[in-house]
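Below is one structure, written out as structure tokens; the observations come after it.
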Number of protein chains: 2
Amino acid sequence: MTAQCAEYDEGVPSRSSTSTAPTRERILDAFELLLINDGERAATLDAVAANAQVSKGGLLYHFASKEALIQSLLQRLRTLVTEDVERMRAAPEGVVEYFIRTSIASTDTAQSALERAIVACACLAQGSHTDVRDAIRSMQATWLATITDAGTDPVAARIVALVGDGLYFNSSMGLTDETPRSQSMDELVAAVKQFVAKR
Amino acid sequence: MTAQCAEYDEGVPSRSSTSTAPTRERILDAFELLLINDGERAATLDAVAANAQVSKGGLLYHFASKEALIQSLLQRLRTLVTEDVERMRAAPEGVVEYFIRTSIASTDTAQSALERAIVACACLAQGSHTDVRDAIRSMQATWLATITDAGTDPVAARIVALVGDGLYFNSSMGLTDETPRSQSMDELVAAVKQFVAKR
DNA sequence: GTCTATACGAAGATAGAC
DNA sequence: GTCTATCTTCGTATAGAC
């Protein structure tokens, strides 16, 4: 195992994925963005291909079917969650603050890649994609465990987790103007931490 | 205005809407249930018609287009929210407890009708239905105002609202086995109330 | 690896019979 | 009010050229 895995310009599908990233990644990014911005219904193979700047045939060379596209997105989510939990465990500001702040749109590259994957998968989860739901449930379980492992009271941990879900719910459904470093976020974080400390 | 408005067997589309309710309501119920259980993609006119036990032509007599169907669902939501806020304001257990407990699947008829409408609309809101998003945002604003009007500290109110959103997020996305009177709900309510009281 | 062309079914909507 | 065609467009997927 050498130390490559260079990741290209990964995580920055800034301009509708007109990036120089390899086709496969560009397609996955386009799929993600379509799900986030326009919902499952709009994320058709045609639309994905157009946004990734390949033909439908080109897309289907990389992902043999729509199902394959979904599975790859799920795989991306799982990888990002694993990495995130490690950062969370190591966070100097503490697990709770890290969790709350990263529950809304971030400008940090690694973090926002995760958020995009989550919101995109949440869109798919509303349909009857059992495996997508399972992945999200498993992610939530991991978060909850990480919070309680850090010594947080179980009920408080549950509330923290729900606040995070609430933030995702809002961001998966249109504009939460909020940024992770806004004043209202600071107040929210302070209040939650105060609550957790008192239990 | 006489005191009819009998509502038929409204609010109980228990068995896939095989009810005796008038066709229009049966169709709307079927649309709602399809959105909830199988997502936006599955809620096609064909599927709605089949579940409401009318033909597609019959459906389109009552609702001239899919858009009309959506608008009627939105109207139903707005009506139910208005009624709910009145109940919330008058709730003997207090605004906060009422809000938290009614944020998950209820067996109460009036309450569950609202929940169904919300979850169904949340599914639609992921697409680019601007008006659906607006309706949900307005509903959230009303709730938040009701909580703060009851004397709750603004930051605490925001946390309460987020916990509610989190509960909806989970229930809009698959099984939260939770019931409004389970032990874990009692603990959750107690903890939230304790937090609110201390601010 | 990427494209064009095409098959085929599904989804929304219309027309008109009963 | 409700039904059965029928039309059209869209979405997924395949075949085969470059």
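Each chain gets a letter, A, B and so on, in the order its sequence line appears, and its residues count up from 1. Bear in mind the structure is a predicted one, so any value in this text is a computation, not a measurement. Only heavy atoms go into these numbers, but all of them, side chains included; no hydrogens, no water, no symmetry mates.
Rounded to an integer number of Å, the gap from NE2 of A:H62 to P of D:dA13 is 16 Å. Taking atom CG on B:D46 and atom C1' on D:dT4, their separation rounds to 13 Å, with Å as the unit. Between B:R41 atom CZ and D:dG11 atom C1' there is a gap of 8 Å when expressed in whole angstrom units. B:E40 has its CD atom 10 Å from the P atom of C:dG12, to the nearest Å. Distance, A:R26 CZ to C:dT2 C1': 11 Å, rounded to whole Å. B:L59 has its CG atom 15 Å from the C1' atom of D:dT4, to the nearest Å. B:Y61 has its OH atom 17 Å from the P atom of C:dA15, to the nearest Å.
Between B:T23 and D:dT2 there is a side-chain polar atom (N or O) within less than 4.0 angstrom of OP1 or OP2.
Along DNA chain D, the nucleotide closest to A:A64 and the one closest to A:A42 are compared, and the more 5′ of them pairs with A:A42. Mapping B:K56 and A:S55 onto DNA chain C via the closest heavy atom, the residue that lands nearer the 5' end is A:S55.
For the pair B:R101 and B:D186, the salt-bridge criterion is met [side-chain N within less than 4.0 Å of a carboxylate O].
At a threshold of 4.5 Å between non-hydrogen side-chain atoms, the residues B:T102 and B:R87 do not count as touching. Here the side chains of B:C121 and B:L73 are in contact, with some heavy-atom distance below 4.5 Å. Side-chain contact between B:Q126 and B:E40 is absent, with no heavy atoms from C-beta onward closer than 4.5 Å.
Using a 4.0 Å heavy-atom criterion, one finds that A:R24 contacts no nucleic acid atom at all. Looking at heavy-atom distances under 4.0 Å, B:L45 makes contact with sugar-phosphate atoms alone, never a base.
Distance from the side chain of B:T44 is smallest to C:dA11 among D:dA13, C:dA11, C:dA13. The listed nucleotides are C:dT14, C:dG1, C:dG12; the one nearest the side chain of B:L60 is C:dT14. Out of D:dC3, D:dG11, C:dA13, the shortest distance to the side chain of B:K66 is found at C:dA13.
When each of B:V163, B:I159, B:L162 is paired with A:L162, the side-chain contact (heavy atoms from CB on, under 4.5 Å) condition holds for B:V163 and for no other.
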